[in-house]
Amino acid sequence: MSNFVDVAGIFGENVFNDRVMQEKLPKKVYKELHKTIDDGKELDAITAEVVAAAMKEWAIEKGATHYTHWFQPLTGFTAEKHDAFITAPDADGSMQLEFSGKELVKGEPDASSFPSGGLRATFEARGYTAWDCTSPAFVRQNETGAILYIPTAFCSYTGEALDQKTPLLRSMEAIQTQTLRLLRLLGNTTSKKVRPSVGAEQEYFIVDRQKYLKRKDLIFTGRTLFGAMPPKGQELDDHYFGVIRPRIAAFMDDVNKELWKLGVSAKTQHNEVAPAQHELAPIYAECNVAVDHNQIIMETLKNVAESHGLQCLLHEKPFAGVNGSGKHNNWSLTTDDGMNLLDPGKTPHENIQFLMILTCILRAVDRHADLLRESASDVGNDHRLGANEAPPAIISVFLGDQLQDVLSQLISTGEATHSLKGGTLHTGVRTLPDFAKDATDRNRTSPFAFTGNKFEFRMVGSRDSVAECNVVINTIVAEAFSDACDVLEKAEDVQMAVHDLIKEYASEHQRIVFNGNGYSDAWVAEAERRGLSNITSMVDAIPALVTEKSVALFEKFGVFTRTELESRVEIQYEAYAKALNIEARAMIDIASKSVVPAVLRFNRSLSDTVNSMKTAGVDIEVPLEMLRESCSLLAEAKQALKKLEKSADEAAVMEAGREQAVFYHDVVSADMEALRAPVDALEMIVDKEEWPMPSYGDLLFEV
Ligand code: ADP
Ligand code: MG
């Protein structure tokens with residue numbers, strides 16, 4: 001069979017993983033390195049030197065000519081700069097390839113070109129990338145060569161975080177410390193490490209690249225700024241889990257192979273709800289690695305798509321009126337001795353440790369719902385959260401029947417005596433087996449849902465990094481654990497105190513639990529009654545980062561300083577303004593240079609028709625009516641265009657910051673909508689041959 005793929009054989013073949021390290025490193029060095037990876041012991045220069053040499057040799061065998069410190073600045077993308085392994089030639093002109101311990105451990109990109117939110121002036125250019133040995137290095141190969149990628153954290157000269165990874169690693173330390181503290185109080189004497197486990201399910205669209213290249217809006221902004229709805233949308237639900245077409249299957253096949261080679265355990269793939277929409281889910285991994293893997297997944301989807309003549313769209317809402325794309329962040333806590341702390345077991349009512357952890361999480365989410373909401377906000381996600389589609393912008397937690405019942409027992413009687421059982425599912429067909437049902441059904445409308453042995457945070461946008469939400473989840477849960485420990489450490493009878501605390505938290509934070517339909521209007525009203533906030537835009541979500549409550553939280557656990565938080569706020573407002581500026585400019589450009597001329601051409605041919613029909617003495621009412629309609633829509637479009645030009649100009653000269661972002665949100669985006677409406681109406685009447693770009697139908701159904 002020519003198509004045979006040796007999955008086990010290729011898995012991780014381009015990763016400098018533990019197996020390779022055991023093979024390539026002297027035992028002593030391997031052990032030393034592990035002390036750094038596992039316990040955070042400082043890496044000594046000699047160990048670094050030996051590891052670097054082994055890594056270089058291994059990478060060169062894989063065809064690598066260069067290495068790069070790979071990092072995640074606050075641009076929303078990853079960054080890399082390639083350095084060849086070469087040194088100055090010897091006197092005889094020959095070349096020794098080199099890669100030192102120093103080069104492995106520290107890099108120095110020019111930090112002034114990355115967003116720093118005022119953390120540093122542009123003339124202070126120093127920034128450092130530091131090797132993150134907890135995420136394995138890998139080699140990426142393509143047609144033109146291969147590069148060794150070294151995952152790194154990125155900090156300023158003065159040590160402030162300029163990236164996603166630094167706070168993530170800090171938050172992982174915080175939650176480990178606080179979880180172990182809590183576990184000890186609950187009688188656990190064996191676990192030594194606790195890591196968040198994360199599995200990020202990725203949604204995306206695939207369109208034909210030739211068609212994509214004819215859409216300036218997709219090229220410049222990642223989403224369509226114009227486009228009338230096709231005759232058919234997603235109303236038949238015939239795409240979801242549908243048969244994967246051969247062209248897409250071939251693409252997915254290559255994506256999987258590429259990911260497996262890079263040690264990413266791509267597991268599940270299926271068609272999503274919208275036409276041309278798909279999903280990829282890897283098996284969960286340690287938080288930090290999962291965040292890196294998600295970046296690798298996004299980059300691989302894009303690269304492989306191009307090589308198949310396709311284009312991957314990661315924007316949260318590439319097509320108005322069609323379901324957008326998100327990312328589900330599955331999160332749990334795993335100990336080094338193999339426990340999932342979010343596993344309730346068969347009888348959750350007896351599982352005191354689980355109930356303590358669960359109610360702490362409820363407390364964390366209730367106290368810091370605004371931060372969670374903020375962590376999922378990005379420019380594209382504004383078109384989903386609280387706008388045209390689910391998930392809702394209100395943070396709530398879904399627990400399901402079984403856990404809800406246990407908590408209700410606790411709250412009403414102070415005692416939980418039983419757990420609901422799943423029972424048996426009878427299919428009514430004799431040839432099908434009956435099977436045991438889960439004790440709890442699913443709920444697809446909840447933003448923070450308990451799904452058996454993990455929480456699934458469903459608000460994140462498809463293009464966004466999952467780092468931010470995990471920084472928040474790790475830190476707020478660390479705080480809740482820490483607060484619980486503060487109480488328990490003072491208690492005379494810890495058992496009793498745990499029991500009381502579970503009851504107290506369950507009662508106090510009941511309001512955050514919602515098991516109903518999160519998409520309904522009734523929930524919006526109910527949430528308001530409960531005092532839960534409903535933040536519908538990114539500009540309104542951003543301030544949550546710098547409330548006194550948030551600053552105290554992040555500073556207490558050493559995740560962010562106030563200055564770092566303030567800088568992130570600035571960066572976010574600026575990112576929002578820049579994105580909207582590009583969208584507005586792209587709209588103006590497309591409308592003036594492509595749409596208006598096309599409509600004029602169409603109108604001229606219509607009026608030619610009218611004239612010749614008139615000469616022939618035929619009734620001209622129909623073409624005349626069409627011409628009138630087209631002219632009036634064109635006039636409307638021209639007027640809207642003028643208005644948009646004015647507001648976009650006004651916005652562009654405003655000082656960067658909240659006011660500017662709010663202006664883009666309130667004024668410029670409304671003007672964009674006003675321009676879109678007549679143009680989309682024109683698309684429905686202008687000759688398809690004349691229309692300057694492929695339609696929604698062409699893009700969504702002709703892949
Ligand atoms: P579900 O059907 O509940 O969504 P899946 O098995 O399809 O669960 O998994 C969805 C994602 O959640 C996958 O990426 C999976 O690896 C991840 N996942 C499963 N268990 C855990 C866990 N304990 N912690 C974190 N992520 C998990
Ligand atoms: Mg899921």
Side-chain angles (χ1 to χ4, degrees), residues 11 168 171-172 175-176 179 191 193-204 240-241 252 255-256 259-260 262-273 278-298 300-301 325-345 348 351 353-354 357-358 361 365 390-391 397-403 422 435-460 462 465-467 469-474 477 515 518:
F11 190 84
L168 184 71
S171 75
M172 286 172 67
I175 193 148
Q176 157 152 290
T179 312
S191 304
K193 282 172 217 136
V194 178
R195 302 272 200 260
S197 295
V198 167
E201 305 166 60
Q202 177 73 45
E203 293 180 342
Y204 60 93
Y240 191 55
F241 279 29
M252 287 179 168
V255 167
N256 287 333
L259 290 175
W260 290 335
L262 294 173
V264 180
S265 50
K267 164 95 175 159
T268 309
Q269 60 197 25
H270 61 81
N271 287 352
E272 256 301 327
V273 173
H278 309 277
E279 180 178 305
L280 186 158
I283 295 174
Y284 65 93
E286 200 172 295
C287 184
N288 173 34
V289 173
V291 168
D292 286 357
H293 280 185
N294 183 248
Q295 295 290 349
I296 295 177
I297 288 174
M298 291 195 283
T300 303
L301 286 170
S325 299
K327 187 135 59 190
H328 291 178
N329 187 80
N330 294 272
W331 182 93
S332 67
L333 286 171
T334 309
T335 65
D336 58 335
D337 46 357
M339 267 190 298
N340 172 1
L341 299 177
L342 268 72
D343 187 350
N351 190 341
Q353 178 179 298
F354 171 76
I357 288 172
L358 178 76
I361 294 175
V365 175
V397 178
F398 170 82
L399 289 179
D401 299 337
Q402 191 187 43
L403 293 184
F435 46 78
K437 270 201 301 196
D438 292 309
T440 290
D441 198 0
R442 293 290 183 127
N443 177 319
R444 285 172 50 103
T445 65
S446 174
F448 204 86
F450 188 73
T451 47
N453 59 3
K454 62 191 192 294
F455 273 102
E456 186 169 339
F457 182 48
R458 301 194 177 122
M459 272 190 173
V460 186
S462 48
S465 163
V466 279
C469 71
N470 286 304
V471 167
V472 170
I473 299 173
N474 294 343
V477 174
N515 294 306

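Start at 1 and go down the list; that is how both ligands and their atoms are numbered. Just so it is clear, the model here is predicted, and its values are computed rather than measured.
Between Val198 and ligand 1, no N or O atom pair is found at a separation short of 3.5 Å. Any N or O atom pair closer than 3.5 Å counts here, and Asn330 shares at least one such pair with ligand 1. Some N or O of Ser332 is nearer than 3.5 Å to an N or O of ligand 1, by distance alone.
Counting only heavy atoms from C-beta outward, the side chains of Val477 and Val365 never approach each other to under 4.5 Å. Side-chain contact between Asp343 and Asn351 is absent, with no heavy-atom pair separated by less than 4.5 Å. Here the side chains of Met252 and His278 are in contact, with some heavy-atom distance below 4.5 Å. Thr334 is not listed as a side-chain neighbour of Met339, based on a closest heavy-atom distance of 4.5 Å or more.
Shown in contact with Gly199 at under 4.0 Å from a heavy atom are these atoms of ligand 1, numbered in order with element: 14 (O), 26 (N). The Asn340 neighbourhood of ligand 1 comprises atoms 23 (N), with distances under 4.0 Å to a heavy atom of that residue. Listed by number with element, the atoms of ligand 1 under 4.0 Å from a non-hydrogen atom of Ile283 are 16 (O). Taking a cut-off of under 4.0 Å to the non-hydrogen atoms of Glu456, the atoms of ligand 1 that pass are 4 (O).
In terms of heavy-atom proximity, Ser325 sits nearest to Ser462 at O-OG, 3.1 Å. Minimum interatomic distance between Gly345 and Pro348 (heavy atoms only, all atoms of both residues): O-CD, 3.7 Å.
By the criterion of a heavy-atom distance under 4.0 Å, neither the backbone nor the side chain of His328 is placed next to ligand 1. Counting heavy atoms closer than 4.0 Å to ligand 1, residue Lys267 contributes nothing at all. Neither the backbone nor the side chain of Thr268 has any atom closer than 4.0 Å to an atom of ligand 1 (non-hydrogen atoms only).
Comparing Pro282, Ala285, Gly452, Ala281 against atom 14 (O) of ligand 1, the shortest heavy-atom distance belongs to Pro282. Here the shortest heavy-atom distance to atom 20 (N) of ligand 1, taken over Phe450, Trp331, Tyr284, Phe455, belongs to Tyr284.
Without hydrogens or angle criteria, Ser446 side chain to Asn443 main chain gives no donor-acceptor distance under 3.5 Å.
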Practice item. Please step through ring-ring contact (aromatic ring centres under 6.0 Å, His included) for the pair Phe398 and Phe450, ending with a clear verdict. Key: CA-CA 6 Å; Phe398 170 82; Phe450 188 73; 8.8 Å; no

